[in-house]
Amino acid sequence: EAGVAQSPRYKIIEKRQSVAFWCNPISGHATLYWYQQILGQGPKLLIQFQNNGVVDDSQLPKDRFSAERLKGVDSTLKIQPAKLEDSAVYLCASSRMRLAGTDTQYFGPGTRLTVL
Amino acid sequence: TQLLEQSPQFLSIQEGENLTVYCNSSSVFSSLQWYRQEPGEGPVLLVTVVTGGEVKKLKRLTFQFGDARKDSSLHITAAQPGDTGLYLCAGEGGSNYKLTFGKGTLLTVNP
């Protein structure tokens, strides 16, 4: 079974530029998550999708971050415009179902973003 | 806001030594998960503990969930260089079973 795929793996941009990240979850997984992991910290949930609907986006800075999951499969996370403090690893994870009980999240390798 | 404190933040030991890392919170979680993350990779789930007082073993790793479901520990026996990595605990709670991660313990096991 293929894992969670993310691209690009690395991205360097200047502040105020825009950037987009792509995630392809494990086939059949209904739930998709985007996390931000700043150096020296644990991952922080930005947004959670159940199929193509948003379940939780309470920690997503909506003035500059947006995410979509068309057709309930792939997802993109966009930052526009980027700030220096957005430098981090952006992790995508997926799980089978998120309606009840514990469920294993499978993480992709992440995209390392550097904002100069 | 639920917070998880992990200690120590950094740990460097010699191969064969034992170690324990801790994960503490003032909040109660429905479950607690431990992950290991290697450089350039995403976290990989090691174990989930659900019941207060629960102990789970995974080869040389022993995980314990506190009786009050607020804290957990990870004990590694006879550490090996392959155990090197960032160990993250994550508490699950709330209506959406949201995961809150600690900052992690960066473990280095020297040959």
Side-chain angles (χ1 to χ4, degrees), chain A residues 2-10 21 23-26 30-51 53-60 88-113, chain B residues 1-11 21-25 29-51 54 56 58 63 65 69 72 74 85-107:
Chain A
V4 176
Q6 291 189 246
S7 68
R9 292 296 310 274
Y10 306 91
F21 313 125
C23 172
N24 180 236
I26 293 173
T31 309
L32 186 146
Y33 313 79
W34 283 102
Y35 289 87
Q36 179 192 59
Q37 186 174 22
I38 294 173
L39 185 65
Q41 298 185 20
K44 181 184 83 171
L45 179 68
L46 293 176
I47 189 167
Q48 175 184 338
F49 292 94
Q50 181 78 20
N51 296 309
V54 175
V55 175
D56 185 342
D57 64 356
S58 57
Q59 298 191 94
L60 185 74
V89 175
Y90 290 84
L91 295 163
C92 179
S94 70
S95 66
R96 289 190 181 279
M97 185 72 68
R98 205 72 198 120
L99 296 181
T102 60
D103 191 17
T104 299
Q105 294 188 28
Y106 297 88
F107 285 82
T111 296
R112 180 176 295 278
L113 173 68
Chain B
T1 302
Q2 297 177 311
L3 294 175
L4 280 167
E5 299 286 341
Q6 286 192 244
S7 61
Q9 189 174 354
F10 302 96
L11 190 56
V21 298
Y22 300 92
C23 176
N24 297 296
S25 175
F29 294 99
S30 56
S31 72
L32 200 136
Q33 302 177 8
W34 284 92
Y35 293 80
R36 183 170 72 204
Q37 185 176 22
E38 299 188 20
E41 300 296 331
V44 175
L45 180 66
L46 297 174
V47 78
T48 300
V49 285
V50 179
T51 305
E54 183 177 4
K56 282 191 174 180
L58 185 67
F63 305 85
F65 202 11
R69 305 206 328 268
S72 181
L74 158 61
L86 179 67
Y87 288 82
L88 294 159
C89 67
E92 186 176 52
S95 59
N96 295 324
Y97 303 94
K98 181 176 177 178
L99 281 183
T100 300
F101 281 85
K103 291 186 177 183
T105 294
L106 185 60
L107 172 65

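Chain A is the first sequence line, chain B the second, and so forth, proteins listed ahead of strands; every chain is numbered from 1. As a basis for the values below, the full set of heavy atoms in this structure was taken, side chains included, without hydrogen atoms, waters or symmetry mates. Remember, predicted model here, so these are calculated numbers, not experimental data.
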S.K.: To the closest 0.5 Å, what do you measure between OH (A/Y35) and CZ (B/F101)?
M.R.: 5.0 Å

S.K.: Tell me, for A/Y10 versus chain B, whether the close heavy atoms (under 4.5 Å) come from the side chain, the backbone, both or neither.
M.R.: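 Neither part.
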
S.K.: In terms of heavy-atom pairs under 4.5 Å, which option from A/P43, A/A93, A/G40 contacts chain B the most?
M.R.: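 Highest number of pairs under 4.5 Å: A/P43.
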
S.K.: How long is the span from the NZ atom in B/K98 to the CG atom in A/L45, to the nearest 0.5 Å?
M.R.: 5.5 Å

S.K.: Under 6.0 Å from the NZ atom of B/K103, do we count more than 12 heavy atoms belonging to anything else shown?
M.R.: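 No, because the 6.0 Å sphere around NZ of B/K103 holds 12 heavy atoms or fewer from other groups.
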
S.K.: Over all heavy atoms of both residues, which pair between A/L91 and B/G42 is shortest? Give the atoms and the distance, please.
M.R.: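 Looking at all heavy atoms of both residues, the shortest contact is CD2-CA, 4.0 Å.
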
S.K.: Sort A/S58 into side chain, backbone, both or neither according to what part of it lies under 4.5 angstrom from a heavy atom of chain B.
M.R.: side chain

S.K.: So which part of B/E38 gets closer than 4.5 Å to some heavy atom of chain A, the side chain, the backbone, both or neither?
M.R.: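 The answer is neither part of B/E38.
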
S.K.: Count the heavy-atom pairs under 4.5 Å between each of A/V4, A/V89, A/V55 and chain B, then report the option with the highest count.
M.R.: A/V55

S.K.: Need one label for A/R9: side chain, backbone, both or neither, based on atoms under 4.5 Å from any heavy atom in chain B.
M.R.: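 Contact with chain B involves the side chain of A/R9 alone.
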
S.K.: Give a yes or no on this: more than 12 heavy atoms of other residues, nucleotides or ligands lie within 6.0 Å of atom CD of B/E5.
M.R.: no

S.K.: Let me know if B/L86 has heavy atoms under 4.5 Å from chain A in its side chain, its backbone, both or neither.
M.R.: side chain

S.K.: At a 4.5 Å cut-off on heavy atoms, which part of A/Q37 comes close to chain B: side chain, backbone, both, or neither?
M.R.: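 For A/Q37, side-chain heavy atoms alone lie under 4.5 Å from chain B.
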
S.K.: Heavy atoms, side chains only, cut-off 4.5 Å: are B/L99 and A/Y33 in contact?
M.R.: no

S.K.: Would you name the heavy atoms of A/G42 and B/L88 that are closest together and state the gap between them?
M.R.: CA-CD2, 4.0 Å

